[in-house]
Visitor: 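I have a structure here, written as structure tokens, and I will follow up with some questions on it.
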Amino acid sequence: MTTTTEFARPEPEPGTSMPARRKRNRIPGWARGVIWAVIAIAVMSTASYATGVSSLTSSNTTSTALRLALPILLCALGGLWAERAGVINIGLEGMMILGTWGAAWGAYYGGVWVGLVAAIAFGALGGLLHAVATVTFRVNHIVSGVAINLLGLGVAKYLANLIFEPISGNPRQSPPVPKFDTYSAAGLSDWLGSLEDEQRVGLSDVAGILKGLVSGVAPLTMLAIVLIPVSYWVLWRTRFGLRLRSCGENPVAAESLGVNVYRYKYLGVLISGGFAGMGGASLVLLKGGADYLENQTNGRGYIGLAAMIFGNWRPGGLLGGAALFGYADGLQLAGGGEAVLSLLYGTVLLLVIIVIVQLFRRRWIAAALAVVGAGILYAIYWTNDSLPSDLIPYTAHFVTLIVLAVASQRLRPPKADGALYRRGEGD
């Protein structure tokens with residue numbers, strides 16, 4: 001006598017066909033990104049009018065946030081290319097530091113485009129060292145990355161003493177270097193500016209954000225934004241990208257199919273270093289930023305790595321992460337402690353939305369945690385007129401910790417990310 005489990009599919013009756021299984025209608029990734037962007041704008045708009053702090057959605061804040069998000073975005077792209085090839089790149093900070101020095105040196109002697117090329121070259125050199133250590137000599141990826149960070153800082157300091165100190169008289173700073181020109185959509189920018197000045201609920205907020213995105217934009221900014229869809233197309237729509245990603249998922253299987261795993265890992269880490277170097281160049285060559293300064297990266301390489309993790313190792317996701325961290329950093333510069341405190345109010349509103357969503361999904365624990373978090377943030381907002389000035393510069397770092405704690409529940413890194421691989425392991 002046989003029995004069937006409760007999970008067994010029933011056999012169709014004679015003369016009938018098996019009903020087709022319904023497919024879940026999943027929202028495309030780009031559509032989810034648009035939905036979250038709309039929700040974020042609505043929340044910030046509400047918080048702006050509720051607290052009376054217009055800088056939450058002003059064009060000045062958006063423009064500053066765009067400039068500050070750029071190095072984070074480029075470092076996150078660098079981390080994406082390396083880790084999709086199976087190499088953890090903790091050394092993004094060091095490669096970015098090398099890029100800042102290379103940008104200043106190249107721009108001083110040859111102009112902004114030479115500076116950009118030099119930054120990419122110096123960042124790629126750091127990537128090459130990381131690839132030699134991790135791929136060829138099979139050094140632990142974390143250990144190698146930390147060494148690259150220390151080496152990048154030391155090399156940049158030595159070169160600054162050697163090259164810049166006789167010119168500027170300051171071993172920690174470069175002489176003034178040229179910056180990229182900026183461009184604006186003149187007619188559109190003026191129209192959006194007039195809408196922003198009218199202070200209409202919702203409409204003026206959107207106008208302020210859009211004006212900040214189309215005013216004073218540098219060619220490097222345009223190039224970085226274009227690299228997002230280009231990276232997606234190369235990594236997910238080309239044979240080269242498929243082979244590179246296979247090295248990060250299962251290098252032994254990739255080798256059995258004729259893929260030169262070492263070559264693709266080297267290419268992935270070299271491209272990663274080049275992107276990190278571009279991120280360093282954005283700190284030096286964009287208007288509004290400083291010339292080369294010692295330690296001017298201020299941990300942005302690590303934040304870029306966090307943006308990549310937040311984006312779940314996908315180009316579109318890391319764009320959202322970079323925008324979030326850049327906004328937090330730009331807000332504290334444009335609005336100070338009062339604006340950051342208003343951001344807490346906006347976060348409370350967002351958590352209320354999350355609570356409603358989690359209750360609808362019957363995820364009681366997640367909803368309870370969101371309620372507790374909203375209560376703590378609202379208590380901080382209610383009991384303070386402004387945040388301590390010593391904590392304000394670290395707004396982006398606090399946001400990084402909070403976001404990683406939330407995002408850790410849905411991460412899916414490449415399966416062989418960080419694994420030490422030796423050629424011929426599958427034989």
Side-chain angles (χ1 to χ4, degrees), residues 26 28-29 74-92 95 120 123-148 227-278 301 304-319 321 407-408 410-427:
R26 298 189 60 185
L74 288 167
C75 273
L77 267 180
L80 172 72
W81 277 82
E83 300 209 8
R84 280 297 176 178
V87 179
I88 297 176
N89 194 357
I90 297 293
L92 287 169
M95 299 171 196
I120 295 173
L125 179 61
L128 177 62
L129 293 175
H130 188 49
V132 169
T134 57
V135 179
T136 301
F137 293 103
R138 303 178 72 243
V139 175
N140 181 277
H141 297 193
I142 306 298
V143 173
S144 175
V146 172
I148 293 295
L227 285 173
I228 297 294
V230 169
S231 294
Y232 173 79
W233 179 77
V234 172
L235 289 174
W236 273 270
R237 291 293 183 267
T238 67
R239 181 178 299 178
F240 170 82
L242 175 62
R243 291 176 175 177
L244 185 141
R245 288 188 296 114
S246 70
C247 298
E249 296 291 342
N250 194 331
V252 174
E255 183 186 30
S256 69
L257 296 174
V259 176
N260 189 330
V261 176
Y262 278 18
R263 177 190 301 170
Y264 282 93
K265 284 181 177 289
Y266 262 87
L267 288 173
V269 181
L270 280 172
I271 294 171
S272 175
F275 281 148
M278 287 182 68
L305 192 64
M308 179 206 67
I309 296 173
F310 169 79
N312 217 0
W313 290 264
R314 305 281 293 191
L318 65 85
L319 174 62
S408 62
R410 58 178 183 83
L411 299 182
R412 195 280 185 194
K415 291 182 179 179
D417 193 16
L420 299 179
Y421 166 78
R422 187 191 300 274
R423 182 178 288 152
E425 284 185 347
D427 296 340

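Counting from 1, the numbers follow the sequence of the chain as shown.
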Visitor: Would you find a donor on one side and an acceptor on the other, under 3.5 Å apart, between the side chain of Asn89 and the backbone of Glu83?
Guide: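 Judged by distance alone, no pair lies under 3.5 Å.
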Visitor: I need the Tyr262 OH to Leu267 CG distance, nearest 0.5 Å.
Guide: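 Here the rounded value is 15.0 Å.
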Visitor: If you round to the nearest 0.5 Å, how far is CG of Leu92 from CD1 of Ile148?
Guide: 11.0 Å
Visitor: Show your working on side-chain contact (heavy atoms from CB on, under 4.5 Å) between Trp236 and Arg314 and close with a plain yes or no.
Guide: CA-CA 10 Å; Trp236 273 270; Arg314 305 281 293 191; 3.0 Å; yes
Visitor: Judged by modelled atom types alone, do Tyr266 and Thr136 share a side-chain donor-acceptor pair under 3.5 Å?
Guide: yes
Visitor: Between Cys247 and Ala416, which heavy-atom pair has the shortest distance, and what is it?
Guide: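 Result for this residue pair: O-CB, 4.4 Å.
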Visitor: So, using side chain to side chain donor-acceptor pair (under 3.5 Å) as the criterion, who are the partners of Ser256 when residues are at least two apart?
Guide: none
Visitor: Looking at every non-hydrogen atom in both residues, tell me the closest pair between Pro315 and Ile228 and how far apart they are.
Guide: CB-O, 3.9 Å
Visitor: How about Val139 and Val132: do any of their side-chain heavy atoms sit closer than 4.5 Å?
Guide: no
Visitor: Quick one: closest heavy-atom pair of Ala85 and Gly268, and the distance?
Guide: CB-CA, 4.4 Å
Visitor: Quick one: list whatever passes side chain to side chain donor-acceptor pair (under 3.5 Å) with Ser231, sequence neighbours left out.
Guide: Trp81
Visitor: Is it true that the side chains of Arg237 and Tyr232 contain a donor and an acceptor less than 3.5 Å apart?
Guide: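 Short answer, yes.
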Visitor: Give me the ring orientation class for His141 and His130: parallel if the planes are under 30° apart, tilted from 30 to 60°, perpendicular past 60°.
Guide: perpendicular
Visitor: Would you check if Arg423 and Asn260 make a side-chain contact, meaning some heavy-atom pair closer than 4.5 Å?
Guide: yes
Visitor: Looking at every heavy atom in both Trp313 and Pro414, which two are closest together, and how far apart are they?
Guide: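 Nearest heavy atoms, Trp313 then Pro414: CD1-CD, 3.8 Å.
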Visitor: Please list, chain by chain and in numerical order, all residues satisfying side chain to side chain donor-acceptor pair (under 3.5 Å) with Arg239, sequence neighbours excluded.
Guide: none
Visitor: Please step through side-chain contact (heavy atoms from CB on, under 4.5 Å) for the pair Asn312 and Arg412, ending with a clear verdict.
Guide: CA-CA 6 Å; Asn312 217 0; Arg412 195 280 185 194; 4.1 Å; yes
Visitor: Give, for atom OG1 of Thr134 and atom CD1 of Ile90, the distance between the pair rounded to the nearest 0.5 Å.
Guide: 12.0 Å
Visitor: For Val261 and Pro251, work out which heavy atoms get closest and say how close.
Guide: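 Distance-wise, the nearest heavy atoms are CG2-O, 3.5 Å.
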Visitor: How long is the straight-line distance from CG of Leu305 back to CG of Leu80, given to the nearest 0.5 Å?
Guide: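 One gets 11.0 Å once the value is rounded to the nearest 0.5 Å.
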Visitor: So which atom in Gly304 and which in Cys75 form the shortest heavy-atom distance, rounded to 0.1 Å?
Guide: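 It is CA-CB, 4.1 Å.
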Visitor: Got a second to check how far Glu249's CD is from Arg84's CZ, nearest 0.5 Å?
Guide: 6.0 Å
Visitor: Are any of the side-chain heavy atoms of Val135 and Tyr421 separated by less than 4.5 Å?
Guide: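 Side chain of Val135 against side chain of Tyr421, heavy atoms only: no contact under 4.5 Å found.
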Visitor: In Å and rounded to the nearest 0.5 Å, what is the OG to CD1 distance from Ser144 to Ile88?
Guide: 11.0 Å
